[in-house]
Amino acid sequence: MRYLYIAGKWTEAADGGTSQTINPYDATPLDTLAEAGDRDVDAAVTAAREAFDEGPWRRSTVTERAALLGRIADLLQRDREQLAHTESLDTGKTLNEARADVDDTTAVFRYYAGIAGAHAGRVVDPGRPGVVSRIVHEPVGVCALIAPWNYPLLQISWKLAPALAAGNTTVIKPSELTPLSTVALVGLFEEADLPPGVLNLLLGRGGTAGQALVAHPGVDLISFTGGLATGEKIMATAAHGVRRVALELGGKNPNVVFDGTDFDTVVDNALTAAFLHSGQVCSAGARLIVQDSLHDSFVAELAARADRIRVGSGLDPETECGPLISAEQRAKVERYIALGLSEGAELLAGGKRPASPDLEHGFFLRPTVFAGCRRDMTVVREEVFGPLVTVERFSTEEEAVWLGNDTSYGLAAGVWTSDAGQAERVAGALRHGTVWINDYHPYLPQAEWGGFGKSGIGRELGPSGLEEYQEKKHIYHNTSPAPAHWFSG
Ligand code: NDP
């Protein structure tokens, strides 16, 4: 049984509600969880409010906060194998991917421990004698941090590390589908002696506990990663009371391939871009845009290699692609496959569940390649969030840029070319928050991450990721006050 963590104590839900998290590999129960209701949400926000208004965290020094984040990084590495195993079981991703997630999470805590003090404010030259003017950065207050199911540990770290570095207090809610690594992370904070109320954990459904958290008037800032429809709803709710929002809402990311790049490298990376974590990645390169002269050989090799991807248990070292997160998510991807076929896409690989009887209870789907795609097809326009890649063709650089920008999203894009000038022109013209040139997927804790258009509002990571959680206050100090003489009386 896993509990809520409120005001420094592990606790059942007030109404005794529970739910279960299941293993996507075989649909068996993994653990029972306390399921938060309205009273628990209120208790968690109240605890965070009191900790912010009266507790020591907001008044602690940057050095103290950085030391605690550094300790969390050490504890994450101490428990690396155990955390990776938990994450792999709960999400279905491979153990190697889960290990990389723990390492990336560690790097995020170390990064914000390192820069917390470097963004404390600045001195302004007022241009007036006797005046001292400065901008100080202060925490925003109570932050509600809502993370998705694809990268539970990593995504919460992008929010939690800067929020705590800035001196805020927090209420976090992982997805009900993948809460286990977040519960373990909260245990590490308890071990590191974070003061009570600074970090509160709610387990429960998005539509109930999540919605109640977002609507709670005691929350000052909401940071959310997930689907567009939920993001729009959260933004509308946050408008009441003019609370701050930061939204990361996924994308439909073009991966543009020019002729002349190393064939094996580009095909290999196109597979990684599309099928890492079974394509359940907000920045997945799910929309390949390939130059005419290369197109036919490229798609043939891509499909042949997609067919060879080994699908199975994330804990099996031979596995390259795990299951999807849930029966609903697989059904959604299968609807897109049917829709793609009805719209005229050519199925070159996958499109079905694996034949192996060992996998029949899990939420598996073979990596799927659709060629002959057009920009007006639904599978090309909408985020599928599964192991499905579409391929369109282009002839000129201008056309490639036009297609790459022909989306209402704008999270990430890739461009593959051996012409450095072309690489810079295309990267400059693409309207996406990250553009990878001759690579796909790497991100850096020190570089901003976020989207143009419907991919979201605000930035995570980098200095901007810290500033999301800071208020800026101008302190103007006149050291030689004298009458202003605006009025004669
Ligand atoms: P959601 O947007 O529904 O869920 C993301 C998080 O928000 C989860 O913690 C969820 O909790 C919570 N949540 C759901 N509804 C509310 C609400 N009304 N108020 C507050 N919190 C809420 O994503 P889904 O899991 O349904 O996935 C839908 C689509 O979103 C995917 O198919 C994909 O396209 C996209 N997505 C994008 C991600 C990204 O990285 N950008 C990550 C995940 C999904 P709970 O899960 O417990 O319901």
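Indexing begins at 1, ligand by ligand and atom by atom, following the structure's order. Position 1 is the first residue of the sequence, and the numbers go up from there.
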Taking the non-hydrogen atoms of [X], is any one of them nearer than 4.0 angstrom to ligand 1?
{"X": "Gly204", "answer": "yes"}
{"X": "Ile146", "answer": "yes"}
{"X": "Gln280", "answer": "no"}

Nearest candidate to [atom], where distance is taken over non-hydrogen atoms, out of [options]:
{"atom": "atom 36 (N) of ligand 1", "options": "Cys282, Gly226, Gly206, Ala215", "result": "Gly226"}
{"atom": "atom 9 (O) of ligand 1", "options": "Ala144, Ala147, Pro148", "result": "Ala147"}
{"atom": "atom 29 (C) of ligand 1", "options": "Gln329, Lys332, Arg205", "result": "Lys332"}
{"atom": "atom 11 (O) of ligand 1", "options": "Lys233, Glu176, Lys173", "result": "Lys173"}

In terms of residue, atom name and distance, what is the protein heavy atom nearest to [atom]?
{"atom": "atom 34 (O) of ligand 1", "answer": "Glu383 OE1, 2.6 Å"}
{"atom": "atom 30 (O) of ligand 1", "answer": "Gly227 CA, 2.9 Å"}
{"atom": "atom 46 (O) of ligand 1", "answer": "Ser175 OG, 2.7 Å"}
{"atom": "atom 7 (O) of ligand 1", "answer": "Phe224 CE1, 3.0 Å"}
{"atom": "atom 20 (C) of ligand 1", "answer": "Gly210 C, 3.2 Å"}
{"atom": "atom 38 (C) of ligand 1", "answer": "Phe385 CZ, 3.5 Å"}

Verify atom 26 (O) of ligand 1: protein non-hydrogen atom under 4.0 angstrom away = no
key: Donor-acceptor under 3.5 Å (Lys173 side chain, Leu202 main chain)   = no
Ionic contact status for [Y] with [X], cut-off 4.0 Å:
{"X": "Glu334", "Y": "Arg353", "result": "yes"}
{"X": "Asp15", "Y": "Arg39", "result": "no"}
{"X": "Arg381", "Y": "Asp406", "result": "yes"}
{"X": "Glu248", "Y": "Arg459", "result": "no"}
{"X": "Arg287", "Y": "Glu392", "result": "yes"}
{"X": "Glu320", "Y": "Arg310", "result": "yes"}

query = Should Arg49 and Asp42 be marked as a salt bridge (Lys or Arg N to Asp or Glu O under 4.0 Å) after you check the CA-CA gap, both sets of side-chain angles, and the distance that decides it?
reply = CA-CA 10 Å; Arg49 185 83 263 158; Asp42 188 50; over 6 Å; no
request  = State yes or no: are the ring centers of Tyr409 and His432 separated by less than 6.0 Å?
outcome  = no
inquiry  = Is it the case that the ring center of Tyr112 lies less than 6.0 angstrom away from the ring center of Trp158?
reply    = no
May I ask you to list the atoms of ligand 1 that are less than 4.0 angstrom from any heavy atom of [X]?
{"X": "Thr230", "result": "1 (P), 2 (O), 3 (O), 13 (N), 14 (C), 15 (N), 16 (C), 17 (C), 22 (C)"}
{"X": "Glu248", "result": "41 (N)"}
{"X": "Trp149", "result": "24 (P), 25 (O), 27 (O)"}
{"X": "Gln211", "result": "17 (C), 18 (N), 19 (N), 20 (C)"}

ask   = Hey, does Met235 have a side-chain heavy atom less than 4.5 Å from the side chain of Ile222?
value = no
key: Cation-aromatic face contact Arg330/Phe363, 6.0 Å, 45 degrees   = no
ask   = Are Lys159 and Tyr469 in a cation-pi contact, defined as NZ or CZ under 6.0 Å from the six-membered ring centre and within 45° of the axis?
value = no
key: N or O pair under 3.5 Å between Leu249 and ligand 1   = no
ask   = Is Gly250 close to ligand 1, meaning an N/O of one under 3.5 Å from an N/O of the other?
value = yes
query = With backbone taken as N, CA, C and O and side chain as the heavy atoms from C-beta onward, which portion of Tyr151 lies under 4.0 Å from ligand 1: side chain, backbone, both, or neither?
reply = neither
